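The structure under discussion appears below in the form of structure tokens.
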Amino acid sequence: MQKKVVCLMGTGHCGSTLLDLVIGSHSAVFSLGEFHAIYRTMQNLQGDSPRICVVCQGECEFWNKRASLTVLNTYYSRKTKLNALVGKLARYVYNPYQFIFKWSQKPVVVDSSKNPWWFRSQFTPAYARKGIEQYLIYVCRDGRAVVNSYLRKYPEKGVVAITESWKKQVLSMNKFYEQFPSDKKIKVHYEVLAQDPEGTIRAVCDHIGVEFESQMLRYWEHEHHHIFGNAGTNRMIVKFREQQAASAETNKEWMAKHGDFFDNQYYENQGLAIKLDERWKTEFMSENLEIFESIAGELNRPFVVDTTTL
Ligand SMILES: [Zn+2]
């Protein structure tokens, strides 16, 4: 199969970790999480089993065993200016994603670094990406929800600064999206993904040329080795594994008795399923909404989805 890198682009709190986990649950796909954090990670590596993966508790099967930290260090260490230069030159000879294909044994790699500058620099120069098809997914979410989410986390920053920063990110992402080849890019709205996961994931699979697998939607049951990403979404996976381990025995007994009603198990797990988060509608105060509108209202129009008609 053709080697492919799927780049997920979006602002913070846009739902890209969720989409990443679902695509990464496909049998032909390996997901990196936010690969750009590798710079920081390589800087902080210490001891015999340095922590790279945010999903695995303790030693990570993928990053600590299969992947070569020495190779990654060549590409991504920024300890000294010389290290940074060596990394840049290395990219001119061999694309770093080639190692991920080799280590993961999967033909499709997802990178949800979100930043256009990162994707640009990983695929420059053009000849170093020979043999790799690059796809772009622009994960869109209503700016009001994003700004409200930041405001909840960093109230001290204030609505003006957060909205300005959202605007700046969106302008640069729009520019990157416009110049990207039209047959290799799509937009996914978080609100549509949350309301219609199957339909959305089918469209994404079509776009990147892999066959839809219904088990992808139960992303928490699959193996993931993310470098970085939305802590809440990743924590759900950890939580699920802990629950599974704790209740494995009880589940076995229960299933023996209630095997005919196997679906009950499914409903129990719905607590982890994809849900639309629209807290901003009640949390975002009207004066903040007015400020947002005056700074970024126009820019936000294409991001607005009427969720009542979905
Ligand atoms: Zn791991």
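What you are looking at is a predicted structure, and each value in this text was computed from that prediction instead of being measured. Side chains included, hydrogens not; waters and symmetry mates left out as well; all remaining heavy atoms used. Atoms within a ligand are numbered from 1 in the order they appear, just like the ligands themselves.
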- Does any N, O or S atom in C56 come within less than 2.8 Å of the Zn ion (ligand 1)? yes
Open item on the list: Is it the case that the ring center of F35 lies less than 6.0 angstrom away from the ring center of Y76?
Closed with: yes
Q. Does any N, O or S atom of H224, backbone or side chain, fall under 2.8 Å from the Zn ion (ligand 1)?
A. no
One pair to check against ring-ring contact (aromatic ring centres under 6.0 Å, His included): F123 and W118. What are the steps and the verdict?
CA-CA 9 Å; F123 286 98; W118 169 263; 9.9 Å; no
Between C60 atom SG and C53 atom SG, the angle centred on the Zn ion (ligand 1) rounds (to 10°) to 110°
The N/O/S atom of H225 lying closest to the Zn ion (ligand 1) is ND1
Between R91 and P125 the two heavy atoms that sit nearest each other are O-CD, 4.1 Å
Discussion item. Under 6.0 Å from the ring centre and within 45 degrees of the ring axis: does the NZ or CZ of K185 meet both conditions for the six-membered ring of Y138?
Written reply: no
